[in-house]
Amino acid sequence: CNDESCRTLAQVETLVAAGQWDELRSRLCSRMTFGTAGLRAPMGAGFNRINDLTIIQSTQGLFSYLTRYFADFNSRGVVVGFDTRGQEESGCSSQRLAKLTAAVMLSRDVPVHLFSAFVPTPYVPFAVKKLGAAAGVMITASHNPKEDNGYKVYWCNGAQICSPHDKEILRSIEEQLEPWSTSCWKEELVESCSYRTDPLPQINSCYMNELTTLCFHRDLNSRCPLKFVHSSFHGVGHIFVQQAFQTFGFVPPIPVPEQKDPDPNFSSVRCPNPEEGESVLELALRLAEKENVHIVLATDPDADRLAVAEKCGWKVFTGNELAALLGWWMFLNWKESHPDPADTQNVHMLATTVSSKILQAFARIEGFHFEETLPGFKWIGNRMHELSKTGKTVIFAFEESIGFLCGSMVPDKDGVSSAVVVAEMASYLHNKNLSMNQQLHNIYQKYGYHLSKTSYVICNDPATIKKIFSRLRNFSGELSYPETCGGIRIIHVRDVTTGYDSSQADLRSVLPVSGNSEMITFTLQNGIVATLRTSGTEPKIKFYTEFCAAPGKSDVSILRGELRKVTAALLDEFLEPGKNNLIRRFV
């Protein structure tokens with residue numbers, strides 16, 4: 001293939017001159033594939049990296065597939081957005097890659113709604129639905145390390161693509177590897193082509209207007225004595241969260257000055273992922289102490305995730321704890337405006353299968369519907385679309401990795417709307433002399449304590465990951481799973497990779513088989529559910545454990561002790577970090 005980028009060509013020439021053949025093989029002998037968040041990889045030279053050439057190739061393949069799929073593709077067009085990432089060495093920036101994405105489409109006379117400035121990731125699916133586009137592309141690597149970037153594709157329903165579209169697009173990419181023309185390399189085409197429009201003013205206005213549907217206590221907000229600190233982690237979130245707060249009648253949050261402006265090097269944080277908790281929220285917590293602020297909000301660099309901390313010795317809520325609060329809050333306000341109990345039958349909440357079962361406990365008592373999906377918001381977004389076609393309403397959905405969706409404005413996780421909804425909930429609770437942490441315990445008292453632990457180990461060797469999961473499937477002989485964990489009997493095993501589920505009469509998993517990733521769930525006799533899975537975006541094996549206690553069972557210290565014991569055993573007995581050279585999470 002002809003690569004016209006002199007910087008990535010120079011990288012290859014340097015590697016050749018240094019005789020780094022393994023590195024060259026790694027970069028040139030394989031291609032990127034669609035994971036839980038589209039294409040995601042380090043920026044730089046090579047076919048399994050994000051660079052000008054691979055973005056052009058990906059867009060040519062996307063064009064080819066969309067042309068075959070939509071008879072009216074040339075009138076519907078695509079939406080393209082980007083975050084604030086960039087890398088000097090390879091010349092790759094999200095903005096440039098977005099312009100090249102647009103240039104490929106424009107070279108074939110396809111209308112492109114290219115945002116003129118960086119936007120939160122949820123703005124792309126929101127725009128796809130609002131503008132009736134055939135698809136959307138967001139150039140982002142979300143909370144990944146600064147070296148990475150990505151190409152996230154949304155379908156016409158606003159949800160991220162899943163099978164069979166992802167496989168078909170990959171096949172189309174492989175059939176279109178040679179750049180069509182010099183026009184594909186010309187990012188300036190977006191400035192001169194009449195098929196290009198800028199959706200930013202219209203979409204921002206529509207988004208903020210629709211946000212008011214999630215505002216239930218505007219009068220209370222305008223009198224709210226609480227103050228908030230917000231960190232945007234050097235990404236896109238600052239101006240959009242400020243606007244969202246004003247839309248709800250709040251005084252805007254105090255920004256963390258060192259982190260409010262875009263910086264592709266994320267220079268004030270060890271890693272740009274607010275999910276890492278207190279260790280990466282240090283500047284925000286310090287500012288909150290100084291300003292006597294009780295609540296800290298942090299959005300990740302593309303503003304689709306949200307972390308929250310509350311001043312009670314500074315508690316950083318886990319994704320599962322925040323979901324318990326937000327699920328309670330959304331249903332409370334939904335009931336206020338829908339007093340007829342019959343209406344509850346049309347209400348749904350969704351969560352990924354590795355997330356807390358707290359919404360299931362709500363649904364059991366309150367009478368609405370709860371469903372689980374495979375990990376990744378693409379499954380939630382697509383399920384939302386299916387439910388909406390039958391007149392059902394999804395009022396809340398989440399994944400434990402601090403991804404939340406309040407209402408159904410966008411079929412994807414949204415840190416901007418979640419931030420302002422948390423602020424209103426905190427204001428409402430403050431008016432009742434309650435903290436969020438106190439309300440969380442009230443929820444647990446009513447619906448049962450749901451205590452969870454989530455963490456990961458890093459494994460940079462795919463063969464080791466394969467060996468670990470193969471051992472679990474052949475633990476004491478061929479095709480036999482472990483029978484105990486930490487001395488506690490395992491009563492059910494579900495292996496979504498192979499489609500096996502011992503709890504089902506036909507031994508088949510209800511969740512669809514996901515053969516390109518690893519995921520095994522163990523249900524223990526004492527009520528603990530434990531899951532091991534590979535990440536779709538990073539070289540990690542994630543592990544999740546949760547103790548789901550019945551309502552009224554509240555000796556929390558005993559529950560925590562049992563959970564800690566099983567979590568340690570899951571790590572030591574099943575993953576064997578020392579033997580497999582796994583790197584434990586740094587906190």
Side-chain angles (χ1 to χ4, degrees), residues 119-132 154 157-159 199-222 224 228 237 239-250 252-253 297 299 303-304 306 322-323 325-340 343-350 359 362 366 368-369 377 380-381 383-385 387-398 403-429:
V119 289
T121 287
Y123 268 46
V124 169
F126 183 78
V128 166
K129 290 189 75 177
K130 269 281 163 257
L131 302 171
Y154 292 88
N157 61 10
L200 184 55
Q202 178 195 349
I203 293 304
N204 193 48
S205 173
C206 287
Y207 179 92
M208 293 301 164
N209 284 339
E210 283 196 32
L211 201 53
T212 58
T213 62
L214 300 175
C215 181
F216 308 110
H217 302 277
R218 193 182 169 84
D219 289 350
L220 203 59
N221 299 345
S222 58
C224 176
F228 302 87
I239 54 174
F240 298 98
V241 169
Q242 296 269 314
Q243 285 180 51
F245 266 66
Q246 289 165 331
T247 299
F248 267 49
F250 283 112
L297 305 164
T299 46
D304 65 350
L306 175 73
L322 259 184
L325 285 162
L326 287 168
W328 162 79
W329 176 248
M330 292 305 294
F331 190 67
L332 174 78
N333 288 291
W334 187 88
K335 274 197 304 188
E336 290 274 308
S337 55
H338 298 82
D340 184 351
D343 288 345
T344 308
Q345 280 301 305
N346 287 323
V347 171
H348 283 248
M349 290 194 192
L350 307 176
L359 300 186
F362 288 0
E366 302 294 349
F368 62 81
H369 295 275
F377 236 90
I380 287 177
R383 184 62 186 141
M384 282 176 66
H385 178 67
L387 288 167
S388 70
K389 288 193 290 193
T390 60
K392 310 296 184 190
T393 305
V394 175
I395 61 169
F396 180 65
F398 87 103
F404 312 101
L405 175 59
C406 300
S408 48
M409 266 175 67
V410 186
D412 202 5
K413 56 185 177 281
D414 184 351
V416 176
S417 61
S418 299
V420 73
V421 169
V422 166
E424 183 174 76
M425 174 176 66
S427 167
Y428 172 90
L429 290 169

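Keep in mind that what you see is a predicted model, and the values were worked out from it rather than measured. Because only heavy atoms are used, hydrogens play no part in the values below, and waters and symmetry mates are left out as well, while side chains stay in.
For the atom pair H338 NE2 and N346 CG, the distance stands at 9.5 Å (nearest 0.5 Å). The line from CZ of F248 to OG of S427 is 11.0 Å long, rounded to the nearest 0.5 Å. The structure places CE of M425 at 4.5 Å from CG of L326, a figure rounded to the nearest 0.5 Å. Rounding to the nearest 0.5 angstrom, the gap separating the CZ atom in F250 from the CD atom in Q242 is 13.5 Å. A distance of 5.0 Å separates CZ in F377 from CG in L405, rounded to the nearest 0.5 Å. Taken to the nearest 0.5 Å, the CE atom of M349 stands 6.0 Å off from the CG atom of L359.
For F228 and F245, the gap between ring centers is short of 6.0 Å.
T344 has its side chain out of reach of K335: every pair of non-hydrogen atoms, C-beta onward, lies at least 4.5 Å apart. Under the 4.5 Å side-chain criterion, counting only non-hydrogen atoms from C-beta, Y154 is in contact with D412. Within the 4.5 Å cutoff, no side-chain heavy atoms of V119 are placed close to those of I203. Put simply, the side chain of L322 reaches to within 4.5 Å of the side chain of F404, judged on heavy atoms. Put simply, the side chain of M384 does not reach to within 4.5 Å of the side chain of K392, judged on heavy atoms. In this structure, V241 and T299 have side chains that are in contact, with non-hydrogen atoms separated by less than 4.5 Å. In this structure, K130 and F126 have side chains that are in contact, with non-hydrogen atoms separated by less than 4.5 Å.
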Task: Test side-chain contact (heavy atoms from CB on, under 4.5 Å) applied to I380 and V394, step by step - done: CA-CA 10 Å; I380 287 177; V394 175; over 6 Å; no
TODO: Report the C-alpha distance between Y123 and F240 in whole Å, list the side-chain angles of each, state the deciding distance to 0.1 Å, and finish with yes or no for ring pair (Phe, Tyr, Trp, His ring centres under 6.0 Å).
DONE: CA-CA 10 Å; Y123 268 46; F240 298 98; 5.1 Å; yes
- [ ] Start with the C-alpha gap between F362 and F331, add the side-chain angles, then the distance that decides, and say whether ring pair (Phe, Tyr, Trp, His ring centres under 6.0 Å) holds.
- [x] CA-CA 9 Å; F362 288 0; F331 190 67; 8.2 Å; no
Open item on the list: Determine whether L325 and V422 satisfy the following criterion, side-chain contact (heavy atoms from CB on, under 4.5 Å), listing intermediate values before the conclusion.
Closed with: CA-CA 9 Å; L325 285 162; V422 166; over 6 Å; no
Open item on the list: Could you go through E366 and V347, starting from their C-alpha distance and side-chain angles, then the distance that decides it, and tell me whether this counts as side-chain contact (heavy atoms from CB on, under 4.5 Å)?
Closed with: CA-CA 10 Å; E366 302 294 349; V347 171; over 6 Å; no
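With hydrogens and angles left out, the side-chain atoms of Y207 and D414 include a donor and acceptor closer than 3.5 Å.
A donor-acceptor distance shorter than 3.5 angstrom exists from the side chain of E424 to the backbone of H217, with no hydrogens or angles considered. Of the possible donor and acceptor atoms, one in the side chain of H369 sits under 3.5 Å from a partner among the backbone N and O of Q345. With T247 contributing its side chain and Q243 its backbone, the two residues share a donor-acceptor pair below 3.5 Å. Side-chain atoms of D304 never come within 3.5 Å of backbone atoms of T121 as a donor-acceptor pair (strictly under, hydrogens ignored). In this structure, N333 contributes its side chain and W329 its backbone to a donor-acceptor pair below 3.5 Å. For S205 (side chain) and Q202 (main-chain N/O), no donor-acceptor pair under 3.5 Å exists by modelled atom type.
Nearest heavy-atom pair, N157 versus P411, reported as atom, atom and distance to 0.1 Å: O-CG, 3.6 Å.
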